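Have a look at the structure below, then the notes.
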Amino acid sequence: AEERVLYPAVAGLYGHPEATATMSYDHRAIGELIDALAAADPADTATVQQLLYGLHAVILVHFRKEEDVYLPLLEARPAAEVEALLAGLHGSEHARAAER
């Protein structure tokens, strides 16, 4: 939902379609770490621990960027615009869940 609704809106506010590219990269990195964790030997605690610490770090930084950079930008927008964006996020999440 972020990639389909939130990031295009934020990119529009920044005036460049690639303004949120690093956030999409984070999503891919998180997915790769999750895949690596799923493929890891549970008995290899050093590898599992390394992957978990890496995943934790990437997720923390990703959320900090959203909260410290994107949310203040959105909060400066008119309330109706933000409400419409949030409704779009919510609706997009429901549509994806229905597809599953």
Side-chain angles (χ1 to χ4, degrees):
E2 289 178 337
E3 301 229 7
R4 287 185 309 281
V5 179
L6 179 63
Y7 295 165
V10 171
L13 294 175
Y14 276 113
H16 195 283
E18 295 298 316
T20 57
T22 59
M23 299 302 277
S24 296
Y25 182 84
D26 288 356
H27 288 172
R28 287 190 300 279
I30 290 166
E32 290 169 6
L33 285 166
I34 290 170
D35 290 345
L37 186 58
D41 177 1
D44 184 355
T45 56
T47 297
V48 170
Q49 185 176 29
Q50 177 184 359
L51 290 167
L52 286 171
Y53 281 134
L55 183 59
H56 182 254
V58 173
I59 289 172
L60 281 180
V61 169
H62 181 79
F63 286 153
R64 288 285 301 269
K65 289 188 288 187
E66 285 181 341
E67 292 171 5
D68 294 348
V69 179
Y70 291 171
L71 289 182
L73 179 67
L74 292 172
E75 288 172 350
R77 305 304 299 170
E81 184 179 328
V82 174
E83 288 174 16
L85 178 63
L86 293 175
L89 274 172
H90 187 68
S92 182
E93 289 173 0
H94 283 295
R96 291 281 282 178
E99 292 173 3
R100 294 180 195 151

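Only heavy atoms go into these numbers, but all of them, side chains included; no hydrogens, no water, no symmetry mates. A quick note: this is a predicted structure, and the numbers were derived from the prediction, not measured.
- Here the closest heavy-atom approach between residue V5 and residue G88 is recorded as CG2-O, 3.7 Å.
- Here the shortest heavy-atom pairing between P72 and D68 reads CG-O, 3.5 Å.
- A heavy-atom distance below 4.5 Å is found between the side chains of H27 and H62.
- There is a path of hydrophobic side-chain contacts, each under 4.5 Å, that joins F63 to L33.
- Across E3 and S24, no two heavy atoms sit closer than the pair OE1-OG, 3.1 Å.
- In this structure, V61 shares a hydrophobic cluster with no other residue, the cluster being traced through Ile, Leu, Val, Met, Phe, Trp and Tyr side chains under 4.5 angstrom apart.
- Minimum heavy-atom separation, P8 to E2: CD-O, 3.9 Å.
- The shortest distance between side-chain heavy atoms of E32 and V58 does not fall below 4.5 Å.
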Intermediate values then yes/no, side chain to side chain contact (heavy atoms under 4.5 Å, CB included), E81 and L13: CA-CA 12 Å; E81 184 179 328; L13 294 175; 4.1 Å; yes
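- Taking Y14 as the reference, V10, A19, V69, Y70, L73 meet the side-chain contact (heavy atoms from CB on, under 4.5 Å) condition, with sequence neighbours excluded.
- When side chains are defined from C-beta on, L6 counts as touching L74, because their heavy atoms get closer than 4.5 Å.
- Taking each heavy atom of A11 and P17 in turn, the nearest pair found is CB-O, 3.9 Å.
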Listing, residues 49-57 side-chain donor-acceptor contacts under 3.5 Å, not counting sequence neighbours, or none:
{"residue": "Q49", "atom": "NE2", "partner": "Y53", "partner atom": "OH", "Å": "3.3"}

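- The shortest distance between side-chain heavy atoms of K65 and T22 falls below 4.5 Å.
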